[in-house]
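This report concerns only the one structure given below.
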Amino acid sequence: MSAPVDVRTAAVLSASGVTMQFGGLRALNDVSFALSDGEIIGLIGPNGAGKTTLFNCLTGLYTPTSGTVEFRGKALPGDPALVTETGVARTFQNIRLFPSMTAEENVLVGRHVRMKQSPLSSLLHGPGFRRSEKEARDRSAELLDYVGLSRFAGELARNLPYGDQRRLEIARALATDPAVLLLDEPTAGMNAQETEATRQLIFKIRDLGISVVVIEHDTKFIFTLCDRVLVLVQGELLVEGTPDEVRGDPRVVEAYLGAPPDEVEAQIHTAEGSQ
Ligand SMILES: Nc1ncnc2c1ncn2[C@@H]1O[C@H](COP(=O)(O)OP(=O)(O)O)[C@@H](O)[C@H]1O
Ligand SMILES: [Mg+2]
């Protein structure tokens, strides 16, 4: 007799009934969703809807007031470092690089999570340490190349153009060998060309077998990137569906897009034209 399939364990990352209360403010109310292997989910919603708060709950930065977060059917530890080790990596809406470290060093920091070295070996710089250090440097170089930043390897992070700092954050997140990558407004402040390069980069990351959740305001970007879109409004999941379902939903047009339907239509046609 085969065991029944539990849909939650089939998901790589899932939230179930997540509520987050800050004093009198309910930033998230009973939010549930599941991310499947190889899926790209888009998370959209007005400012203050609770998108970043949801990422904080998914990464152990906040402990939900109620509800659960699971990674492959097991409760995620409520500690950001352990969450990273489990396989969930993220980038931040406000870039959090080490500005006075080089691009390569920033990626090495991410790699550190996967370096298995005894403290004594590290202290003595023994052969095990040197091997592991070389492996980490090679991997960092590979990742910088992957996101198109090889030329900046030795440059201080703060000297990188803004869009490249966002890409460097993605490289650092990838250095932790994640199964899931959470991107909080990865194209904020980017021009059209950089945005398109980021869209292609996210497809490439998905093709590596990494599942992605991406927060963005740019609906054209979201609708042409994601398999599924979640719309969060005032802490509640208002609509969930394919890009086609979501952009055609009158509640989304009214509550989120906030524009008359014909304007939204025009935006959607532009998005289709750019595919
Ligand atoms: N640590 C916190 N303490 C108090 N209120 C918070 C905290 N984090 C977020 N909030 C509030 O929760 C709401 C949702 O914020 P946020 O998740 O940042 O929205 P979004 O990312 O969708 O713009 C906002 O009203 C914000 O002020
Ligand atoms: Mg936010």
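Counting starts at 1 for both ligands and their atoms, in listed order.
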Item checked: Reported CG-to-CZ distance for the pair L149 and R151, which is rounded to 0.5 angstrom -> 6.5 Å
Note to self: Using the rule that Ile, Leu, Val, Met, Phe, Trp and Tyr join whenever any side-chain heavy atoms are under 4.5 Å apart, tell me whether M190 and Y162 fall into a single cluster.
What the structure shows: no
Notebook entry, point to check: With hydrophobic residues grouped by side-chain heavy-atom distances under 4.5 Å, do V109 and Y146 end up in a single group?
Noted result: no
Checklist line | Heteroatom test (N, O or S) for T52 near the Mg ion (ligand 2), limit 2.8 Å | finding: yes
Check: So do the side chains of H217 and K51 get within less than 4.5 Å of each other, counting heavy atoms only?
Finding: yes
Item checked: Side-chain donor-acceptor contact under 3.5 Å, E39 with S211 -> no
Note to self: Contact between I40 and F203 at the side-chain level, heavy atoms closer than 4.5 Å - yes or no?
What the structure shows: yes
Next item on the list: Could you confirm whether T53 has any N/O/S atom lying under 2.8 Å from the Mg ion (ligand 2)?
Entry: no
Next item on the list: Tell me which protein heavy atom sits closest to atom 15 (O) of ligand 1, plus the residue, atom name and distance to 0.1 Å.
Entry: T53 OG1, 3.7 Å
Checklist line | Pair N56-R90, side-chain donor/acceptor within less than 3.5 Å | finding: yes
Notebook entry, point to check: For ligand 1, which atoms have a heavy atom of A49 less than 4.0 angstrom away?
Noted result: 19 (O), 20 (P), 22 (O)
Check: Nearest protein heavy atom to atom 13 (C) of ligand 1, by residue and atom, and its distance?
Finding: G48 O, 3.8 Å
Next item on the list: Note the single closest protein heavy atom to atom 18 (O) of ligand 1, along with its residue, its atom name and the distance in Å.
Entry: T52 CB, 3.8 Å
Item checked: For Y62, the ligand 1 atoms whose distance to one of its heavy atoms is below 4.0 Å -> 1 (N), 2 (C), 7 (C), 8 (N)
Notebook entry, point to check: Is the ring centre of Y62 less than 6.0 Å from the ring centre of F55?
Noted result: no
Check: Quick one: nearest non-hydrogen protein atom to atom 3 (N) of ligand 1, plus distance?
Finding: F22 CD2, 3.4 Å
Next item on the list: Report, in ascending order of atom number, the atoms of ligand 1 lying under 4.0 Å from any heavy atom of N47.
Entry: 23 (O)
Checklist line | Part of N56 within contact of ligand 1 (heavy atoms, under 4.0 Å) | finding: neither
Next item on the list: Measure from atom 27 (O) of ligand 1 to the protein's non-hydrogen atoms and state whether any distance is below 4.0 Å.
Entry: no
Notebook entry, point to check: Taking distance alone, with no angle check, do L25 and ligand 1 share an N/O pair under 3.5 Å?
Noted result: no
